[in-house]
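These notes are about the structure you will find just below.
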Amino acid sequence: IVAWTSLIGGYIEHEKGEEALQWFSKMQVDGITPDAPAFVLGMKACGSIKAMEKGQEIHAEIERQGLLDGSPFLGSALVDMYVKCNAFSQAHEVVNKLKLRNLAAWNALISGFAEQGHGEKALNCFKQMRHSGVSPDVVTFTCCVKACGITRDLDMGRNVHSELERQGLLGADIFACNALLDMYMKCGQLFSAHEIFDKLPFRNVVSWNSLIAGYVDYGYGNEALKCLKTMKSMGVSPN
RNA sequence: CGGAUCCCAAA
């Protein structure tokens, strides 16, 4: 089973979801009953190629074997599969069904909504998640910041920002920092954005691009060009 | 190190 699972994981890593699923089936035909790790990869393969029907089949198998409550990884993988197939109501249903409160499952749902541009729904989930007693982590917050940028919800964005700071999550996570930068820019808060920018421990090309794009969007062409120069002088190559 | 969620901008 470990060998089969490694093989399937390899296909997924190389974005060969179709082949991964074929090997998953082959494994079963061979008389091997998938365990939780194998099912996780099965779900992931389905999500990666939006094979919703196959995903539902595997979901049913998981339920039949009663594995869902035994592994938090399975729960989040299942939610993620539905999210990747754009089946948000099913994803939400699974989240609610999970007996153990599952942070990653919520994160999968919230990030899916944010990814699809449904900022409000993402933030609603965030509230539901807290209401159900699950504490957010830096992943959750990053997704929420993204959602705030989409909906131009500056107030909420500021709330999440202060929460991130209070928990000391900003110093180490460039993804969260860049998401904040982008959110402030989208909300027209160039000053706040630049402030954050100056405080970042590291800046990559994405940080610079957010800043430059924001200045361009609001008609500050000269500022944008200045940033470009500074960026180059600091050894970051434009892409 | 056989397994999950974010993995950030623009496109």
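Numbered from 1 within each chain, the chains take letters A, B, ... in sequence-line order.
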Is it true that atom CG of A:Asn222 has more than 12 heavy atoms of other residues, nucleotides or ligands lying nearer than 6.0 Å? no

Do A:Ser76 and A:Asn102 get their side chains close enough for a donor-acceptor pair, meaning under 3.5 Å? no

Show your reasoning for whether salt bridge (Lys or Arg N to Asp or Glu O under 4.0 Å) applies to A:Lys229 and A:Glu223. CA-CA 10 Å; A:Lys229 252 191 206 151; A:Glu223 276 301 320; over 6 Å; no

Consider the side chain of A:Ala108, meaning its heavy atoms from C-beta on, and name the nucleotide among B:A9, B:U5, B:C6 that approaches it most closely. B:U5

In this structure, is the centre-to-centre distance between the rings of A:Tyr82 and A:His92 below 6.0 Å? no

Base, sugar-phosphate alone, or nothing: which one does A:Ser71 contact when heavy atoms must sit under 4.0 Å apart? base

Mind checking the CD-OG spacing from A:Gln116 to A:Ser111? Nearest 0.5 Å is all I need. 9.5 Å

Between A:Lys84 and B:C6, is there a contact of a side-chain N or O with OP1 or OP2 at under 4.0 Å? yes

Can you tell me the distance, in whole Å, between the CG atom of A:Asn178 and the P atom of B:C6? 17 Å

Carboxylate-amine/guanidinium contact A:Glu63 A:Lys97, below 4.0 Å: yes

Closest nucleotide among B:G3, B:C7, B:C6 to the A:Val40 side chain: B:G3

Using atom CH2 of A:Trp106 as one end and atom C1' of B:A4 as the other, report the distance to the nearest whole Å. 17 Å

A:Ile1 side chain, from C-beta outward: closest of B:U5, B:A9, B:G2: B:G2

Residue A:Thr142, side-chain atoms from C-beta onward, closest of B:C8, B:C6, B:G3: B:C6

In whole angstrom, give the distance that lies between atom CZ of A:Phe175 and atom P of B:U5. 14 Å

At under 4.0 Å between heavy atoms, what does A:Ala104 touch on the DNA or RNA strands: base, sugar-phosphate, or nothing? base

What's A:Ala38 touching, base or sugar-phosphate or nothing? Going by heavy atoms closer than 4.0 Å. base

Measure from the side-chain heavy atoms of A:Asn107 and tell me the nearest of B:U5, B:A9, B:G2. B:U5

Counting distance alone, no hydrogens or angles: does the base of B:G2 have a donor or acceptor under 3.5 Å from a partner atom on the side chain of A:Asp35? yes

Rounded to whole Å, how long is the line connecting atom CZ of A:Phe24 with atom C1' of B:G3? 12 Å

What's the CG-P distance between A:Leu41 and B:C1, to the nearest Å? 15 Å

Looking only at the aromatic ring of each residue, does the gap between the centers of A:Phe126 and A:Trp106 stay below 6.0 angstrom? no

For A:Asp80, answer base if it contacts any base atom (sugar-phosphate contacts may also be present), sugar-phosphate if it contacts only those atoms, and nothing otherwise; contact means non-hydrogen atoms under 4.0 Å. sugar-phosphate

A:Arg203 vs A:Leu211 side-chain heavy atoms within contact, under 4.5 Å: no

Nucleic acid contacts - residues 2-13 of chain A versus RNA chain B, non-hydrogen atoms under 4.0 Å: A:Val2, A:Thr5, A:Ser6

Can you tell me how far CD of A:Glu165 sits from CG of A:Leu180, rounded to the nearest 0.5 angstrom? 8.5 Å

Within residues 212-239 of chain A, the residues having a heavy atom closer than 4.0 Å to RNA chain B are A:Asn239

B:A11 to B:C7 separation - P atoms, rounded to the nearest Å: 16 Å

Nearest-angstrom distance from the residue atom CZ of A:Phe88 to C1' of B:U5: 13 Å

Could you check how far CZ of A:Arg101 sits from P of B:U5, rounded to whole Å? 21 Å

Of the listed B:U5, B:A4, B:A9, the closest approach to the A:Val139 side chain comes from B:U5

Cationic N near anionic O, under 4.0 Å, A:Lys54 to A:Glu61: no

Between A:Lys186 and B:A10, is there a contact of a side-chain N or O with OP1 or OP2 at under 4.0 Å? yes

Nucleotide of B:C8, B:A9, B:A4 approaching A:Asn204 most closely (side-chain heavy atoms): B:C8

Please assess A:His161 against A:Tyr184 for the test side-chain hydrogen bond (donor to acceptor under 3.5 Å, both in side chains), listing each intermediate value before the final yes or no. CA-CA 10 Å; A:His161 181 182; A:Tyr184 280 118; 2.6 Å; yes

For A:Met185 and B:A10, what is the distance between atoms CE and P respectively, to the nearest whole Å? 13 Å

Got a donor-acceptor pair under 3.5 Å from the side chain of A:Ser76 to the base of B:A4? yes

Would you mind telling me which of B:C7, B:G2, B:G3 lies closest to the side-chain atoms of A:Glu115? B:C7

